[in-house]
Amino acid sequence: DYAHTRGVLHRDLKPDNIYLVPDPAVPSGERVKVLDFGLARIGASKHTMMNTVFGTPRYMSPEQCRSAALIDQRSDIYSLGCVLFELVTGRPPFDGDLRTIIDGHQRGIPPRARMLSPEVSGALDELIAQMLAKDPNARPQTMAEVQTALQALGAVSPGVAATMMPVAADLIRLPYSPGPGDSGLM
């Protein structure tokens with residue numbers, strides 16, 4: 001939600017971009033971090049070309065399958081729904097060749113997570129189904145809504161401090177160790 005409230009859309013949420021990192025401020029000792037904003041759109045930028053598709057097909061929203069220019073934060077919510085579905089069932093909601101996956105996202109009815117994994121609670125099954133709604137207006141409207149729902153299910157510790165975006169310099173600064181014969185200047 002932090003990124004979304006600042007006008008940043010990820011556009012490529014998938015398991016490969018979600019990490020558990022050590023954090024002593026969290027009761028579990030680990031915090032979820034979303035990384036790799038390489039396809040992110042910042043603000044009302046018009047740098048995305050119309051009718052251009054960016055992202056990983058298995059996790060793309062129906063609207064993102066049509067055009068990367070016509071998406072908002074609810075597209076990332078759909079993608080997170082795909083990740084949660086896969087997390088609890090062991091498979092993505094739509095699979096197959098590229099055409100089958102895209103058609104599934106645009107027109108297919110995703111199976112209910114509970115049908116594939118009966119141990120999934122009814123409330124979590126319903127949340128995932130809402131996140132996978134074809135109509136963005138039928139999904140939770142913000143990641144804060146998703147977080148609140150997950151907290152109510154006991155999946156997220158309430159009261160955990162909000163994640164802060166790293167300072168830009170921290171993103172760029174890489175550790176450096178000069179090698180033999182190296183002046184140490186970068």
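Sequence positions, counted from 1, serve as the residue numbers for this chain.
- Residue Leu80 holds its CG atom at 4.5 Å from CE of Met143, rounded to the nearest 0.5 Å.
- Not counting sequence neighbours, the partners of Leu98 by the side chain to side chain contact (heavy atoms under 4.5 Å, CB included) test are Pro57, Ile102.
- In this structure, Gln73 contributes its side chain and Gln141 its backbone to a donor-acceptor pair below 3.5 Å.
- Side-chain atoms of Thr100 and Asp103 form no donor-acceptor pair, as typed in the model, at a separation below 3.5 Å.
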*Test log, rule side-chain contact (heavy atoms from CB on, under 4.5 Å), inputs Tyr59 and Glu86*: CA-CA 10 Å; Tyr59 307 98; Glu86 186 171 349; 2.5 Å; yes

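- Summarising the geometry of Leu153 relative to Ala123, their closest heavy-atom pair is CD2-CB, 3.2 Å, with the distance given to 0.1 Å.
- Separating the CZ atom in Arg139 from the CD atom in Glu145 is a distance of 13.0 Å, to the nearest 0.5 Å.
- When all heavy atoms are compared, the tightest approach of Val88 to Glu119 is O-OE2, 4.4 Å.
- The backbone N or O of Ser79 lies less than 3.5 Å from no partner atom in the side chain of Lys14, so there is not a single donor-acceptor pair.
- The two residues Ile101 and Phe94 have their closest heavy-atom pair at CG1-O, 4.1 Å.
- The minimum heavy-atom distance between Pro140 and Ile77, with the atom names listed, is O-CD1, 3.2 Å.
- Atoms CZ and OG, from Arg66 and Ser61 in turn, are 7.5 Å apart once rounded to the nearest 0.5 Å.
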_Asn137 vs Arg74, test: side-chain contact (heavy atoms from CB on, under 4.5 Å). Steps then yes/no._
CA-CA 8 Å; Asn137 292 319; Arg74 297 169 300 178; 2.7 Å; yes

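- Side-chain atoms of Gln106 do not come within 3.5 Å of backbone N or O of Gly104 as any donor-acceptor pair.
- Judged purely by atom type and a 3.5 angstrom limit, Thr89 uses its side chain to pair as donor or acceptor with the backbone of Arg91.
- With respect to Asp125, the side chain to side chain donor-acceptor pair (under 3.5 Å) criterion is satisfied by exactly one of Arg114, Gln130, Arg112: Arg112.
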*So Tyr78 and Met60, side-chain contact (heavy atoms from CB on, under 4.5 Å) or not? Walk me through it.*
CA-CA 7 Å; Tyr78 181 95; Met60 288 170 41; over 6 Å; no

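- Residues Pro111 and Leu116 approach most closely at CG-CD1, 4.2 Å, considering heavy atoms.
- The two residues Ile128 and Gly81 come nearest to each other via the heavy atoms CG2-O, 3.9 Å.
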